[in-house]
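Accompanying notes for the structure given below.
One is the number of the first residue; the rest follow in order along the sequence. Side chains included, hydrogens not; waters and symmetry mates left out as well; all remaining heavy atoms used.
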Amino acid sequence: MHRRHSRSGSRGKQRLPSRANGLNRSLPMARVAFLGMGVMGAPMARHLKAAGHDVTVYNRTRAKAEAWVAANGGALAETPAEAAKDAEIVLTCVGNDDDLRAVTLGPDGAFGAMAPGSLYIDHTTVSAAIARELAEAGAARGIGVLDAPVSGGQAGAENGRLTIMVGGDTESFARGEPVMQAYAQRIGLMGPAGAGQLTKMVNQVCIAGVLQGLAEAMNFAMEAGLDANAVVDVISKGAAQSWQMENRAPTMIKGEYDFGFAVDWMRKDLSLVLGEARSIGLSMPLTALVDQFYADVQNMGGGRQDTSSLLRRFRG
């Protein structure tokens, strides 16, 4: 197994072609640390390795990092600090605010080992507050910081087709964008620190609302005696069309939900939305209602099922 200290010297002056977004230009290779080998982080790190970057990985459950190195090469670090020590760019994709604070600012956190001038990119969906906290902590250390949550789910990560919503300064974004192109189809700078997380919240509100409408519509079609698949075939070509209808209605009709973005994760994301809304004095009644409908699905044992499982509330 490759260890962190066994990695060969810098390849920072080499360049590689970019394939993302249809670009055809040379991009610099980088020494990269990726913290978090979950269903999103592992394939994102794999794309970075395949693109030619020098990748070191860390995961709290060591076996996942070992498996990643066995499959992809690269190096394994025992702590976030060890992974970050010589890295030009450190990326994270972990669970929540507390996990993120631990791997960045904890006793063995990455920030304590990162050199001035390095760049930190977080792909976790977390609060805008911690995004701003990390931006301030990074600035005090001379580290560029981007909050860069993603949309596209596990399939998007596996296929290198994620949408990335970024908060941070333009200089850090210019440095980070070429690296993120390894696994993205669209990358946008949305504003200063925290803006990426706020944009992801908007994204989740839209998804939740569409899925609730789709669940009610599919249940209505079936209860009215219509062929639900035939209905979708027709209306998906008109104004009712959506990604969720195209990709989830057929499986909803079959009662298939054991895939995709989990209800547990959506509830975490909607709690961030509702918390942010309270902080700015904003009422979001539809979002709050759908959040409670997802709680119903959890109570039915569907916490790990896809978010389209809202239909289960009507049909079991």
Side-chain angles (χ1 to χ4, degrees), residues 38-40 43 95-96 125 149-163 165 185-186 199-278 282-316:
V39 297
M40 300 294 288
N96 54 38
T125 297
V150 302
S151 180
Q154 184 176 354
E158 293 284 356
N159 297 324
R161 302 283 293 170
L162 293 169
T163 295
M165 300 145 269
Q185 66 173 341
R186 182 68 181 268
T199 303
K200 177 63 183 288
M201 293 178 200
V202 173
N203 184 79
Q204 301 306 77
V205 169
C206 293
I207 291 172
V210 168
L211 281 170
Q212 176 59 23
L214 186 59
E216 291 187 17
M218 292 302 95
N219 185 60
F220 177 84
M222 288 184 274
E223 290 295 322
L226 296 171
D227 180 334
N229 285 299
V231 170
V232 170
D233 183 63
V234 171
I235 69 173
S236 64
K237 306 304 185 292
Q241 187 275 339
S242 68
W243 186 97
Q244 300 294 341
M245 180 178 289
E246 293 274 351
N247 291 275
R248 293 293 183 259
T251 48
M252 291 170 74
I253 294 166
K254 294 177 184 177
E256 296 175 354
Y257 306 111
D258 291 326
F259 56 85
F261 190 70
V263 168
D264 288 344
W265 300 339
M266 177 58 94
R267 287 216 73 203
K268 183 206 80 170
D269 292 356
L270 293 183
S271 73
L272 295 172
V273 172
L274 295 170
E276 188 71 29
R278 285 191 296 271
L282 185 66
S283 174
M284 301 190 72
L286 177 60
T287 303
L289 184 61
V290 178
D291 178 57
Q292 290 307 302
F293 291 162
Y294 277 124
D296 293 342
V297 177
Q298 286 177 319
N299 291 333
M300 297 170 70
R304 302 303 295 176
Q305 292 183 328
D306 183 72
T307 47
S308 59
S309 58
L310 281 168
L311 185 57
R312 289 188 63 198
R313 295 182 59 255
F314 303 112
R315 310 194 69 81

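- Using a 4.5 Å heavy-atom cutoff, the side chains of L162 and M40 are in contact.
- Annotation for A228 and M222: closest pair CB-CG, 3.9 Å, computed over non-hydrogen atoms.
- A277 meets the side-chain contact (heavy atoms from CB on, under 4.5 Å) test with L282, M284; sequence neighbours excluded.
- In this structure, the salt bridge (charged side-chain N to carboxylate O under 4.0 Å, His left out) partners of K237, at least two apart in sequence or on a different chain, are D233.
- A search for salt bridge (charged side-chain N to carboxylate O under 4.0 Å, His left out) contacts involving D227 returns nothing, not counting sequence neighbours.
- Minimum heavy-atom separation, G38 to P43: O-CD, 3.9 Å.
- Residue pairs satisfying the ring pair (Phe, Tyr, Trp, His ring centres under 6.0 Å) criterion with at least one member in residues 210-262, sequence neighbours excluded, are listed as follows: F261-W265.
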Let me have the donor-acceptor pairs involving side chains of residues 203-214, under 3.5 Å, with sequence neighbours excluded, atom names and distances please.
from	atom 1	to	atom 2	distance (Å)
N203	ND2	S151	OG	3.3
Q204	NE2	D269	OD2	2.8
Q212	NE2	E216	OE2	2.7

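- Applying the salt bridge (charged side-chain N to carboxylate O under 4.0 Å, His left out) test to E158 and every residue at least two apart in sequence or in another chain returns R46.
- You'll find the side chain of N159 stays beyond 4.5 Å of the side chain of Q185, heavy atoms only.
- With values rounded to the nearest 0.5 angstrom, M252 atom CE is found 9.5 Å from M245 atom CE.
- Atom CZ in R304 sits 11.0 Å away from atom CG in D258 (nearest 0.5 Å).
- Checked against side-chain contact (heavy atoms from CB on, under 4.5 Å), A288 has the following partners two or more places apart in sequence or in another chain: L274.
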N/O donor to acceptor pairs below 3.5 angstrom from side-chain atoms of residues 307-316, sequence neighbours left out:
from	atom 1	to	atom 2	distance (Å)
S308	OG	D306	OD2	2.6
S309	OG	D306	O	2.7
R312	NH1	Q305	OE1	2.8
R312	NH2	M300	O	3.3
R313	NE	D296	OD2	3.0
R315	NH1	N219	OD1	2.9
R315	NH1	E223	OE2	3.1

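- With contacts defined as side-chain heavy-atom distances shorter than 4.5 Å, the pair V232/M218 qualifies.
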